[in-house]
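These figures come from a predicted structure and were not determined experimentally. Every chain is numbered from 1 and lettered A, B, ... according to where its sequence line falls, protein lines coming before strand lines.
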Amino acid sequence: MENELIEQRKKKLQQLKDIGLSGVSLFPNDFKPIHEADKVLTSYKGFSEEELKNLSKELSLAGRVMALRDFGKSIFFHIKDRTGDIQGYIRRDIIGDENLKFFKDYVDIGDFIGIKGNLFKTKTDELTINVKEFRLLTKALRPLPEKWHGLKDVETRYRQRYLDLISNPEVKEIFFKRTKITKLIRQFFDERGFVEVETPILHPIAGGAAARPFKTYHNALDMELFLRIAPELYLKRLVIGGFERIYEIGRTFRNEGTSTQHNPEFTMIELYQAYATYEDLMDLIEELICFVTETILGTLEFKYGDMQINMTRPWKRINIIESLRSVVGDEFLESDEKLFRKADSFGISHKGIRGKAIVEIFERIVGLEIVDPTFVFGFPFDVSPLARRNDLNHAITDRFELFIAGREFANAFSELNDPIDQNERFIKQVELKAKGEEEVHEMDEDYITALEHGMPPTAGAGIGIDRLVMLLTNSPSIREVIFFPHLRPE
RNA sequence: GAGCCGUUAGCUCAGGCUGGUAGAGCAUCUGCCUUUUAAGCAGAGGGUCGCAGGUUCGAGUCCUGCACGGCUCACCA
């Protein structure tokens with residue numbers, strides 16, 4: 001048996017049916033609101049009582065009832081539409097005895113109603129609709145969370161996000177900002193001649209990154225498929241096809257644990273620009289993120305948690321090896337044994353890969369301490385199988401990552417466009433896999449064939465959108481910027 | 001996967017250390033109230049205290065296991 005509150009509301013719905021407003025639906029859809037709460041409030045903000053009285057215009061709004069204050073012969077209430085909240089006022093001498101009784105008997109907090117009436121100002125100067133007509137549009141059978149404290153329980157907030165959105169206005173703001181951010185990113189690249197494209201999410205080979213994929217199956221083709229772990233290799237095929245400036249914003253899937261910074265499906269943008277180098281992309285990304293930040297926040301200096309972030313350009317650019325030398329000395333770089341011993345002391349699973357040990361040590365010692373945006377370059381060759389080798393130093397690649405607030409936000413490099421080199425690097429990855437290394441890049445012969453047709457010199461980057469949204473909305477967890485984060489079933 | 005914390009009414013929370021059969025505010029219901037806005041006043045109903053065991057005469061409280069969630073760590077972006 002459901003609880004009393006639901007029973008009561010179901011009973012009201014049944015009674016409405018029994019009243020038998022013949023031919024009238026209990027869930028009507030023919031009420032068309034003409035006005036919006038927020039617009040009404042701003043347009044008539046400065047009007048005096050007298051001026052409002054002289055307006056002959058009748059307003060028509062619809063929304064969810066958020067609060068009710070019953071005075072016997074009159075009722076105050078608030079409704080919420082997509083733009084905001086507005087107060088309504090119902091009095092017996094205007095609406096009549098029967099209508100007032102109907103409202104009292106059948107309209108509950110949480111229901112949707114449509115109202116028509118004129119504006120007036122209350123004693124406390126609140127613009128209010130003096131209701132002449134109202135209609136019950138949708139009866140809610142379950143009560144809303146508490147009006148004052150809102151909904152706090154994190155689990156309920158995520159599982160029933162609609163309740164979170166109804167009762168916690170700041171949550172809605174975060175998601176409005178999220179939309180705005182992706183729009184700004186699109187605007188930025190569109191203005192620079194980039195073309196937005198869509199590439200497959202179902203991949204026969206999960207390439208473009210080293211991560212465990214989700215597996216799925218195509219019945220008609222009788223084949224195993226993977227949800228993409230990166231769009232990279234398809235986007236580069238498009239560069240080969242002549243799309244010299246492209247980007248894709250979309251969902252990517254990695255079969256790994258969740259945390260405050262990881263969701264199994266997340267959104268990133270990948271972009272590719274022919275005839276550019278990774279250094280050009282540093283400038284571009286700097287410009288992009290400053291543009292987005294300034295438009296969203298109106299400033300380049302802001303707080304994220306306890307951290308004060310300053311995005312003023314130019315951003316710092318540091319070399320991984322050099323930054324480690326200056327912090328821990330260069331002793332550990334003398335030999336593999338010393339390097340691996342150092343990595344072991346941090347509990348790093350380097351699996352005997354030099355580059356991996358170096359990068360992981362960097363992230364723990366230097367990366368975590370980075371606050372203001374910093375480009376980190378000099379990525380070792382052996383952990384960058386898709387990146388172009390540096391012309392002067394063959395141990396590293398022309399690759400960088402962007403760190404802000406101790407986290408990685410972007411990964412970019414000059415693309416490897418030598419098909420023979422790429423083939424050898426894939427073969428090395430396959431050898432690593434044979435040795436038991438799980439997260440390696442897969443061999444993709446079709447991609448090699450594409451490269452053999454010639455890819456212009458190109459640089460590409462990937463930027464985590466969720467993390468950017470976290471940063472710009474001061475959200476401590478990725479779950480706060482994803483409507484429905486993954487949780488275990490109840 | 002490991003450690004720590006949490007789970008009590010529809011919602012927000014007390015109670016738990018020191019065991020004696022569950023409380024507040026909001027919401028709901030009844031009555032009064034025609035400018036309130038966390039409306040007010042008077043009254044009422046509402047709980048397998050996350051689940052399963054154990055200890056005990058007696059468990060919301062103590063113990064064990066499990067589930068779900070949060071945080072930290074590990075892996076990753």
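Side-chain proximity of A:F266 to B:A77, B:U36, B:G70: nearest is B:A77. Relative to the side chain of A:D153, the nucleotides B:U12, B:G10, B:U36 differ in distance, and B:U12 lies closest. Listed nucleotides B:C29, B:A77, B:G70 differ in distance to A:E408; the shortest reach to its side chain belongs to B:A77. You'll find that the side chain of A:Q8 is closest to B:C29, out of B:A27, B:G70, B:C29. Listed nucleotides B:C11, B:U35, B:A77 differ in distance to A:Y89; the shortest reach to its side chain belongs to B:U35. When the nucleotides B:U36, B:A27, B:C33 are ranked by their closest atom to the side chain of A:K123, B:U36 comes out on top. Closest to the side chain of A:L5, from the set B:U28, B:U35, B:C75, is B:U28. Taking every side-chain heavy atom of A:K12 into account, B:C29 is the closest of B:U28, B:C11, B:C29.
Taking only side-chain nitrogens and oxygens, A:R159 comes nearer than 4.0 Å to OP1 or OP2 of B:G69. Within the structure, every side-chain polar atom (N or O) of A:S477 is placed at least 4.0 Å from both OP1 and OP2 of B:G70. The side chain of A:R364 contributes an N or O atom lying less than 4.0 Å from OP1 or OP2 of B:C75. Phosphate contact (OP1/OP2 of B:U35, side-chain N/O of A:K73, threshold under 4.0 Å): absent. Side-chain nitrogen and oxygen atoms of A:R142 include none within less than 4.0 Å of the OP1 or OP2 phosphate oxygen of B:U28. Distances shown here put every side-chain N or O of A:R488 at or beyond 4.0 Å from the OP1 or OP2 atom of B:A67.
There is a side-chain donor-acceptor pair under 3.5 Å between A:T267 and A:R178.
Remark: the separation of the C1' atoms in B:U61 and B:U18 is 10 Å, to the nearest Å. Taking atom C1' on both B:G47 and B:C63, the two are 25 Å apart, rounded to the nearest angstrom. Of the P atoms belonging to B:G20 and B:A59, the separation is 11 Å, rounded to the nearest Å. Annotation: B:G45 and B:C4 have their P atoms spaced 44 Å apart (nearest Å).
For the pair A:E146 CD and B:A9 C1', the computed distance is 13 Å after rounding to whole Å. Summarising the geometry, the separation between CD1 on A:I75 and P on B:C32 is reported as 14 Å, rounded to the nearest angstrom. In this structure, A:R91 places its CZ atom 13 Å from P of B:U36, rounding to the nearest Å.
Comparing A:L144 and A:H78 along RNA chain B, the residue whose closest nucleotide (by nearest heavy atom) sits nearer the 5' end is A:L144.
Across the strands present, B:G43 finds its partner in B:C29; the criterion is a Watson-Crick or G-U wobble pair with both atom distances under 3.5 angstrom. Here B:C49 sits opposite no nucleotide as a Watson-Crick or G-U wobble pair (both hydrogen-bonding atom distances under 3.5 Å).
A salt bridge links A:D444 to A:R237: one of the charged nitrogens lies within less than 4.0 Å of a carboxylate oxygen.
Each of A:K11, A:R142, A:K139 was checked for a salt bridge (Lys or Arg N to Asp or Glu O under 4.0 Å) with A:D108, and the lone residue meeting it is A:K139.
On a pure distance criterion of 3.5 Å, a polar donor-acceptor pair joins the side chain of A:Q87 and the base of B:U36.
Across all their heavy atoms, A:T252 and A:P231 have their closest contact at OG1-CD, 4.3 Å.
Stacking of A:R467 on the aromatic ring of A:F409 is not recorded, the 6.0 Å distance cut-off and the 45° axial limit not both being met.
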